[in-house]
Structures are given as structure tokens and as C-alpha cells.
Amino acid sequence: MFTKRRKMNEEGAPVTKEEVLRRPIPNHVAIIMDGNGRWAKRRALPRAAGHYEGMQVVRKITRFANGLGVRVLSLYAFSTENWKRPKGEVDYLMKLPEQFLTTFLPELIAENVKVQVIGHTEALPDHTRRAVEKAIQDTSGNTGLVLNFALNYGSRAEITAAVQQIAKEVERGALAPEDITEPLISSYLMTGGLQDPDLLIRTSGEIRLSNFMLWQLAYTELWFTDVLWPDFTEQHFLEAIAAYQRRDRRFGGV
Ligand SMILES: CC(C)Oc1ccc(CN(CCC(N)=O)C(=O)c2cnn(Cc3ccccc3)c2-c2ccc3sccc3c2)cc1
């Protein structure tokens, strides 16, 4: 018995924005942005150059996704735990967000983008956390694209915290065990109000989820590319959406 093996990434003629706009645009696109370090290494540049370039791509793809009508863009800066990095690199990384927000926040506000964060910002240095909180505050009333950063985020920890919270509610009699349904659990996750991702993109050739949104990705189309994040372009983004549009989603049905 054959199963029609779908290629992970249908290759074809370069798809155009117009073609993509003729079909449904995914509401929620999640991206595991991976490959900054390798990009720098291949060019014999310091790793910071890869992070800086990666940040420019975040700006470009955010603008492009907003223009296409994507409703939520979740970004996971896939990074080995910070403690594994040289100190200088971590210090640099924690300065990047302020640079990003200082130069980009006015544009995000003008574009009606709403900045949100999932994960643990308390672990960020004060100056970084204040910049992030200001961005969240200054865009909280916006109704356009939700730009959702996963910072110091882990899916199993997120699910565990939700289970603990629900157990406390049951213990105090506010919930009965039969009240615990999938929608209820979803509402206790950090992504509470957001719809599940329709499309997940991961760059740099790793085919793993890396403890990212494990509950939320249950029916998400997964699209992997060898392209390193700093080399990721609008054209790659269009290819991923076109691949999503070609796939008929089953949501667990046959
Ligand atoms: C609202 C937003 C702007 O606030 C933020 C506050 C703190 C952070 C730092 N950070 C969280 C802590 C952790 N996981 O290390 C990262 O995710 C991290 C780890 N590598 N890179 C380089 C990289 C850059 C670009 C793409 C992938 C990785 C980043 C990083 C640093 C600055 C920027 S700016 C836009 C994205 C981004 C990502 C991030 C955002």
C-alpha cells in the first residue's frame, strides 16, 4: 500500500505575491528563526553580525506579513540557552531589542501592529524588559497584525504551569474535573487568546520543534527550509504560504 509521500517543500516556479493573495492567507504564522550563528560563521563574521542581520530580517518579514494580511506572527528566536553563550554575546543580544524597538516602534505603531510577548520577561535585564514593556504598552490599543515574541519560552513549562493552575482551581472548587476540556486548557496557556498557528516555518535545516508551542501546533502545517534566517526573504515567506495553500488541511479528519 503506497502512501502518497508529500515532499516537505514543494519546489516550483517562484510564486508571486498576486498568486498567493488569490487564496486564503494563514491567520497565524509561527517562525522558529534559526541560523544566525552559522550565517556569521560562513562569512567569517562575529556571531553578533548574524544576530544583527537576523534582526533586520525580523523587521522586513513583519512588514511583509502585515501587508499580506497575516493576523498573528509568532517569532521564536531559537537560541541555545543563553548561559551556553559567551558573555559578550548575551550582553549584545540583550541590547538588540532596544535597538530594534527604538528604530522600529514608531513604524509598528504607524502600521497598527500590536506587540505581545509569551515567555518569561522577568529573566531579561531591566533595560531590555523596560523596552519590551514600553512596546507592549504603546501598541496595546492597536488592532492590526499581532507581533508575538516568544522570549525565554518553553512549551512544556507553559503546559505544566497551565495544569498546575487548573489543579488549583479544582482544589478550591472553582472547577470540576469534567470542566477540563481542550478549549479550557488552551485558554490557560500563554497563547490564551490567540488562534493556533496555521503554518510553522523553521529555517536553517533543523527539522525539530524545539519545545515550541507543542500544544498549539497540533494541526499546524510545518514548512522547513535550509535557508539560514539572515538569508530569509519575502520570496521564501511567499513559498511557505504557497505550500500551505496547496495542502488540504485535515484537522484530524480523513
Ligand atoms: C519585543 C522584542 C523586540 O523583545 C525582545 C526582547 C529580548 C529578545 C532576546 N531574546 C530573548 C531571550 C533569549 N531567548 O535569548 C531572543 O529571543 C534572542 C535570542 N537570539 N536573538 C538574536 C536573533 C535575532 C533575530 C532573529 C533570531 C535571533 C534574539 C533576539 C534579539 C533581539 C531581537 S529584536 C527582534 C527579535 C530579536 C531576537 C528578543 C526580543
Side-chain angles (χ1 to χ4, degrees), residues 29-41 45-66 72-109 111 113-140 142 145-155 157-158 190-191 194 200-206 210-213 225 227-233 236-237:
V29 178
I31 306 181
I32 302 178
M33 307 179 289
D34 192 0
N36 291 349
R38 236 171 297 171
W39 182 89
K41 190 168 176 175
L45 291 172
R47 288 173 58 84
H51 294 322
Y52 180 79
E53 203 54 41
M55 193 181 71
Q56 304 315 316
V57 176
V58 169
R59 292 169 59 158
K60 196 170 64 175
I61 295 302
T62 300
R63 255 188 231 113
F64 189 64
N66 195 23
V72 183
L73 183 63
S74 289
L75 300 178
Y76 182 47
F78 177 67
S79 50
T80 51
E81 294 317 305
N82 278 333
W83 48 270
K84 285 182 202 155
R85 296 171 185 273
K87 175 142 177 16
E89 183 176 347
V90 177
D91 293 346
Y92 176 77
L93 276 185
M94 292 310 162
K95 286 198 189 71
L96 267 186
E98 287 156 274
Q99 224 186 78
F100 175 85
L101 292 169
T102 308
T103 55
F104 200 31
L105 189 55
E107 181 176 338
L108 290 172
I109 292 171
E111 299 274 314
V113 169
K114 181 175 185 176
V115 175
Q116 277 188 345
V117 161
I118 56 171
H120 297 281
T121 53
E122 62 276 1
L124 297 173
D126 282 356
H127 58 94
T128 309
R129 195 183 58 253
R130 274 198 298 276
V132 172
E133 284 164 356
K134 178 177 177 350
I136 294 168
Q137 187 58 38
D138 290 1
T139 60
S140 57
N142 288 353
L145 172 87
V146 172
L147 184 55
N148 179 42
F149 284 91
L151 305 185
N152 300 323
Y153 165 87
S155 181
E158 174 193 32
M190 293 175 187
T191 49
L194 299 176
L200 171 76
I201 295 168
R202 180 166 189 160
T203 59
S204 100
E206 303 302 341
S210 300
N211 194 20
F212 179 58
M213 291 201 186
T225 177
V227 173
L228 301 178
W229 178 250
D231 289 327
F232 192 78
T233 63
H236 293 121
F237 194 70

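Remember, it's 1-based here, ligands and their atoms both numbered in the order they're listed.
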Under-4.0 Å salt bridge between Arg63 and Glu107 = yes
Tell me, yes or no, whether the heavy-atom count around Tyr92 atom OH, taken from other residues, nucleotides or ligands under 6.0 Å, exceeds 12.
-> yes
Show me, pair by pair, the donor-acceptor contacts under 3.5 angstrom made by side chains of residues 31-38, not counting sequence neighbours?
residue : atom : partner : partner atom : Å
Asp34   : OD2  : Arg202  : NH2          : 3.0
Asp34   : OD2  : Ser204  : OG           : 3.4
Asn36   : ND2  : His51   : ND1          : 3.2
Arg38   : NH1  : Ser204  : O            : 3.1
Arg38   : NH2  : Ser204  : OG           : 3.3
Arg38   : NH2  : Glu206  : OE2          : 3.3

Could you pull out, from Ala131, Ala77, Pro97, the option with a heavy atom nearest to atom 8 (C) of ligand 1?
-> Pro97
Take every heavy atom of Met94, measure it against each atom of ligand 1, and state whether any distance is under 4.0 Å.
-> yes
Pull out every atom of ligand 1 sitting under 4.0 Å from any heavy atom of Trp229, numbered as shown with elements.
-> 26 (C)
Just which atoms of ligand 1 are under 4.0 Å from any heavy atom in Met33?
-> 26 (C), 27 (C)
By salt bridge (Lys or Arg N to Asp or Glu O under 4.0 Å), Glu89 pairs with (sequence neighbours left out) Arg47, Arg85
Close-contact set for ligand 1 against Gly54 heavy atoms, below 4.0 Å | 25 (C)
Which part of Thr121 is near ligand 1, with near meaning a heavy atom under 4.0 Å away: side chain, backbone, both or neither?
-> neither
Counting only heavy atoms not in Lys41, do more than 12 sit closer than 6.0 Å to its NZ atom?
-> no
Give, for atom CG of Asn211 and atom OH of Tyr76, the distance between the pair rounded to the nearest 0.5 Å.
-> 6.0 Å
Among Leu105, Ile136, Asn36, whose heavy atom sits nearest atom 28 (C) of ligand 1?
-> Asn36
Relative to atom 20 (N) of ligand 1, which among Leu108, Val132, Leu93 owns the nearest non-hydrogen atom?
-> Leu93
